[in-house]
Asks: 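My questions all concern the structure below.
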Amino acid sequence: MTATLSTTPETPNATTYEYVLNFACAQRPGLLHALTGLLVEFEGNIIELKQFDDPRSDRYFLRMHFSVPGDSPETVDAGLRERLTRLETDLGAEWSLNPHAARRRVLIMASKSDHCLNDLLYRSRVGSLPIEIAAVVSNHPDHRELIEWHGIPYFHVPVDPQNKQVAEGRLLELVEEYDVELVILARYMQILSDALTAELSGKAINIHHSFLPSFKGSKPYHQAFERGVKTIGATAHYVNEELDEGPIISQQVMQVDHAFGPEDLAAAGRDSECKALADAVKLHCESRVFVDGNRTIILR
Ligand SMILES: Nc1nc2c(c(=O)[nH]1)N[C@@H](CN(C=O)c1ccc(C(=O)N[C@@H](CCC(=O)O)C(=O)O)cc1)CN2
């Protein structure tokens, strides 16, 4: 991915490149000075800066959107990475540097329900999500006509207990072939193996149709009905080997009452599922999410 170009008002002919830096390390005095000082070395300009100093873990988290002038994206990129690598060594930091406003290539996985799939298609088409849908994979054939109408490759990959390893191998082939940066489980109802979740660690987001940690696993709306809840919700989280226990990124809730049966709860919950998933995908693609153990820090 190459950085986006822009020109600064002071020097209208200069070419500048915009990046987002994510930086995390143990707290110590002078961190902000070190990072803003690095930018001065590159004659950079801070566009947006958010930071969080966690008093419980003594860890520091920073997200900085900035622009730097340069002759070429390659030169700028190499210079920034070389300097950040030195800072990483000095501070024992973790960091990532991404071109700003780059659309992330995503692969969407769905089973029978298609409300989240449709919502992502719409938000991608109108530009409210910085994603490029590279492919759609489903364990059912149902959505082929819709997806191919959008000009997106559709792969029907059936899954059963006997062929699960082969099916997951096919998914990884597609992730590689389509240069996928994020896998979105949009109501995909198959449990991913430990090996696959490890391979996709930090780059697979699932939407669970309950307000976790309540009602994990299958049929959460039936569980909610049996419990007689007055609020239902949806949770978007990174996928890990523990079913529905990955780090939570975004949640939505809504009020219900005694008149709602399981199917009514499922129908009412669709909008919350779409909104929680879209919010999580946007936060991830804008590099606003830090995973800290089994929690996330979100710098909106
Ligand atoms: N490793 C993970 N895989 C998946 C996760 C996850 O968090 N970790 N989330 C699910 C989605 N999901 C709820 O959001 C979910 C999907 C399926 C089931 C389930 O029990 N399904 C079948 C069993 C299917 C299988 O064995 O693969 C069933 O109903 O018995 C529960 C929750 C996506 N995958």
Side-chain angles (χ1 to χ4, degrees), residues 106-120 135-140 142-143 155-172 174-175 180 182-227 229 232-254 262-263 265-281 284 289 291 293-296:
V106 307
L107 181 148
I108 300 176
M109 301 181 77
S111 290
K112 284 273 189 187
S113 301
D114 63 355
H115 51 287
C116 290
L117 173 60
N118 268 294
D119 184 68
L120 292 169
V136 172
V137 172
S138 176
N139 54 324
H140 296 282
D142 305 40
H143 314 307
F155 298 92
H156 173 207
V157 183
V159 180
D160 60 46
Q162 285 68 44
N163 83 334
K164 192 156 201 162
Q165 196 169 0
V166 170
E168 292 192 344
R170 179 60 177 142
L171 171 74
L172 286 175
L174 294 169
V175 167
V180 168
L182 176 65
V183 175
I184 302 172
L185 280 62
R187 290 300 302 276
Y188 183 71
M189 301 312 284
Q190 294 296 317
I191 297 172
L192 307 188
S193 68
D194 292 2
L196 183 56
T197 58
E199 187 71 33
L200 296 176
S201 179
K203 53 187 270 191
I205 293 174
N206 176 61
I207 182 66
H208 181 69
H209 35 315
S210 83
F211 189 68
L212 289 175
S214 298
F215 312 135
K216 295 173 196 161
S218 61
K219 301 186 183 301
Y221 288 125
H222 286 75
Q223 296 180 56
F225 171 74
E226 291 303 324
R227 186 65 188 80
V229 299
I232 57 170
T235 303
H237 61 92
Y238 286 115
V239 175
N240 66 15
E241 68 284 355
E242 300 298 331
L243 186 60
D244 302 327
E245 299 215 4
I248 290 172
I249 306 166
S250 185
Q251 295 186 290
Q252 287 285 317
V253 292
M254 67 170 290
E263 292 70 25
L265 294 174
R270 288 191 197 122
D271 287 348
S272 298
E273 294 168 42
C274 293
K275 183 155 178 44
L277 182 57
D279 185 46
V281 170
H284 176 91
V289 186
V291 177
N294 202 36
R295 301 160 50 82
T296 60

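In each ligand, atom 1 is the first atom listed, and ligand 1 is the first ligand listed. As the structure is a prediction and not an experimental result, all values here were calculated from the model. We count residues from 1, following the sequence as given.
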Asks: Run through Val281, Asn206, Val289 and flag the one making a side-chain contact (heavy atoms from CB on, under 4.5 Å) with Ile249.
Replies: Val289

Asks: Less than 4.5 Å apart, any side-chain heavy atom of Met254 and any of Ile232?
Replies: yes

Asks: Quick one: which ligand 1 atoms are inside 4.0 Å of a heavy atom on Leu185?
Replies: 33 (C), 34 (N)

Asks: Apply the side chain to side chain donor-acceptor pair (under 3.5 Å) test between Glu273 and each candidate in Arg187, Gln252, His209; give the one that qualifies.
Replies: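 Answer to the side chain to side chain donor-acceptor pair (under 3.5 Å) test with Glu273 among Arg187, Gln252, His209: Arg187.
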
Asks: Check the pair Val239 / Tyr188 against side-chain contact (heavy atoms from CB on, under 4.5 Å), numbers first and verdict last.
Replies: CA-CA 12 Å; Val239 175; Tyr188 183 71; over 6 Å; no

Asks: Based purely on interatomic distance, does His209 place a nitrogen or oxygen under 3.5 Å from a nitrogen or oxygen of ligand 1?
Replies: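 The answer is no, given that His209 and ligand 1 share no N or O pair closer than 3.5 Å.
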
Asks: How far is atom 29 (O) of ligand 1 from its nearest protein heavy atom, and which residue and atom name does that atom have?
Replies: Ser218 CB, 3.6 Å

Asks: Using the side chain to side chain donor-acceptor pair (under 3.5 Å) definition, which of the options Thr235, Thr296, Asp279 pairs with Ser250?
Replies: Asp279

Asks: Please determine whether any non-hydrogen atom of Gly217 lies less than 4.0 Å from an atom of ligand 1.
Replies: yes

Asks: What protein heavy atom sits nearest atom 8 (N) of ligand 1, and how far away is it?
Replies: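 Of the protein heavy atoms, Asn240 O, 3.1 Å lies nearest.
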
Asks: For atom 5 (C) of ligand 1, which protein heavy atom lies nearest, and how many Å away is it?
Replies: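 Residue, atom and distance for the closest contact: Leu243 CD1, 3.5 Å.
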
Asks: Okay, side chain of His143, backbone of Ser111: is any donor-acceptor separation there less than 3.5 Å?
Replies: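 The answer is yes, because a donor-acceptor pair under 3.5 Å joins these two groups.
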
Asks: Give the numbers and elements of all ligand 1 atoms closer than 4.0 Å to a heavy atom of Ile207.
Replies: 14 (O)

Asks: Write out all pairs satisfying side chain to side chain donor-acceptor pair (under 3.5 Å) with one or both partners inside residues 157-168, taking only residues at least two apart or from two chains.
Replies: Glu168-Ser193

Asks: Taking non-hydrogen atoms only, is Leu196 closer than 4.0 angstrom to ligand 1 via side chain, backbone, both or neither?
Replies: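 The answer is neither.
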
Asks: Just which atoms of ligand 1 are under 4.0 Å from any heavy atom in His237?
Replies: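 It comes down to these atoms of ligand 1: 7 (O).
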
Asks: Consider side-chain contact (heavy atoms from CB on, under 4.5 Å). Of Glu241, Glu242, Glu199, which one does Asp194 pass it with?
Replies: Glu241

Asks: Where's the contact between Asp244 and ligand 1, heavy-atom distance under 4.0 Å: side chain, backbone, both or neither?
Replies: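 Answer for Asp244: both.
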
Asks: Considering only heavy atoms, does Ile191 approach ligand 1 within less than 4.0 Å through its side chain, its backbone, both, or neither?
Replies: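 The answer is both.
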
Asks: Keeping the roles fixed (side chain from Asp244, backbone from Leu212), state whether a donor-acceptor pair exists under 3.5 Å.
Replies: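 Judged by distance alone, no pair lies under 3.5 Å.
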
Asks: So which protein heavy atom does atom 3 (N) of ligand 1 come closest to, and at what separation?
Replies: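 Result: Leu192 N, 3.0 Å.
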
Asks: Give the atom numbers and elements of ligand 1 that come within less than 4.0 Å of a heavy atom of Tyr188.
Replies: 11 (C), 33 (C)

Asks: For atom 24 (C) of ligand 1, which candidate among Gln190, Glu273, Glu241, Arg187 holds the nearest heavy atom?
Replies: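 Considering heavy atoms of Gln190, Glu273, Glu241, Arg187, the nearest to atom 24 (C) of ligand 1 sits in Gln190.
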
Asks: Is it the side chain (CB and beyond), the backbone, both or neither of Thr197 that lies under 4.0 Å from ligand 1, heavy atoms counted?
Replies: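 For Thr197, the contact with ligand 1 is made by the side chain alone.
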
Asks: Under the side-chain contact (heavy atoms from CB on, under 4.5 Å) test against Met109, which residue among Ile184, Leu171, Asn139 passes?
Replies: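 Per the side-chain contact (heavy atoms from CB on, under 4.5 Å) rule, the option paired with Met109 is Leu171, out of Ile184, Leu171, Asn139.
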
Asks: Once you restrict to heavy atoms under 4.0 Å, what part of Lys219 touches ligand 1? Side chain, backbone, both or neither.
Replies: neither

Asks: Near His208, which atoms of ligand 1 are under 4.0 Å from a heavy atom of that residue?
Replies: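 That gives atoms 13 (C), 14 (O) of ligand 1.
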
Asks: Counting only heavy atoms, tell me which of Lys164, Glu245, Met189 gets closest to atom 27 (O) of ligand 1.
Replies: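 Going through Lys164, Glu245, Met189 one by one, Lys164 has the nearest heavy atom to atom 27 (O) of ligand 1.
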
